[in-house]
Amino acid sequence: MKPLREAFYRRNTAVVAFELIGKTLLFERDGIVLSGRIVETEAYFGADDPASHAYRGVTPRNEVMFGRAGRSYVYFTYGNHHCLNIVTEEEGVAGAVLIRSLEPLRGISEMQKRRKRMHIHELASGPGKVTEALGITREHSGWNLTEKPFYVTEPEGAREEWLHIRATSRIGISRAKTVPFRFYVQGNSCVSKR
DNA sequence: TGAATGATCACG
DNA sequence: GTGATCATTCAT
């Protein structure tokens, strides 16, 4: 399967966040393919979104959010965890989709090793777990996700889960708590817990 | 130079 | 419910 192209990401962030549900995220490293179905995302905008890192303009950390769509934005938070985003919108406009949860597909034993957990629903059911399962750190920020080895594709088969996608407020933020910019597959055990 | 904060997780 | 743990940001 071919990677999703830059034009997919160069659109409204909430639309991209919604449409990324059900797609497959892949990272091929050291001859091992790690992949999962995206089952939970959140949209973060720019100047009009007080919960976004880009709310107050460009900083050294967030500058990739203002750059070209389809790039990774990885940041370190709470002294322990990394979070993976994919940049959206036209160049010069801030936006990114936080990848909150994956349903593991390939490379499960490698994810179990990295996470020190066995159960499928513990491997990538939260943004910090996603990056730990795939071994993603700030070194992987700014990568071009429209080409291998780190990319997103259409799922195998039909995208049936669109019927079951829910939208709610975003998790873990202190501002803009009401807008429904979180999307997830209802009933999927790999979605993060409330 | 310092203090506050944080798009989290695991454990009890 | 709470502690861990530190990079980032903004104010001083």
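Labels below follow one simple rule: chain letters A, B, ... track the order of the sequence lines, proteins then strands, and each chain is numbered from 1. Atoms considered below: every heavy atom in the structure, side chains included; atoms not considered: hydrogens, waters and symmetry mates.
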Peer 1: For the CG atom of A:Asn80 and the CD atom of A:Glu132, what is their distance to the nearest 0.5 Å?
Peer 2: 9.5 Å

Peer 1: Using only atom types and a distance under 3.5 Å, with no angle test, would you say the side chain of A:Ser125 pairs donor to acceptor with the backbone of A:Ser101?
Peer 2: no

Peer 1: Could you check whether A:Arg10 makes a cation-pi contact with A:Phe8, meaning its NZ or CZ is under 6.0 Å from the centre of the six-membered ring and within 45° of the ring axis?
Peer 2: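 A:Arg10 over A:Phe8 ring: no.
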
Peer 1: Just name whichever nucleotide pairs with B:dT5, Watson-Crick or G-U, keeping both distances under 3.5 Å, else none.
Peer 2: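 Paired with C:dA7.
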
Peer 1: Is A:Arg61 close enough to C:dT9 that one of its side-chain N or O atoms is under 4.0 Å from OP1 or OP2 there?
Peer 2: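 So the side chain of A:Arg61 is within the cut-off, an N or O lying under 4.0 Å from OP1 or OP2 of C:dT9.
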
Peer 1: Looking for any heavy atom pair under 4.0 Å, which part of the strands does A:Arg175 touch: base, sugar-phosphate only, or nothing?
Peer 2: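 Contact class for A:Arg175: none.
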
Peer 1: Name the first nucleotide and the last nucleotide along DNA chain B (5' to 3') that come under 4.0 Å of a heavy atom in chain A.
Peer 2: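 With heavy atoms of chain A under 4.0 Å away, the range is B:dG6 to B:dC11.
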
Peer 1: Among A:Glu19, A:Glu90, A:Glu6, which one satisfies salt bridge (charged side-chain N to carboxylate O under 4.0 Å, His left out) with A:Arg11?
Peer 2: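 The option that passes is A:Glu19.
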
Peer 1: Under the 3.5 angstrom rule, does the side chain of A:Glu42 hit a backbone N or O of A:Ile171 as a donor-acceptor pair?
Peer 2: yes

Peer 1: Would you indicate what A:Leu98 reaches in the nucleic acid, counting non-hydrogen atoms under 4.0 angstrom: base, sugar-phosphate, or nothing?
Peer 2: base

Peer 1: So what does A:Tyr44 hit on the nucleic acid, given a heavy-atom distance under 4.0 Å: a base, only sugar-phosphate, or nothing?
Peer 2: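 Touches a base.
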
Peer 1: Given that A:Gly128 and A:Gly79 both sit by DNA chain B, which one's nearest nucleotide is further toward the 5' end?
Peer 2: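 Comparing both residues, the 5'-ward one is A:Gly79.
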
Peer 1: Check for me whether A:Arg170 meets the cation-pi criterion with A:Tyr44, that is, NZ or CZ under 6.0 Å from the six-membered ring centre and within 45 degrees of the ring axis.
Peer 2: yes

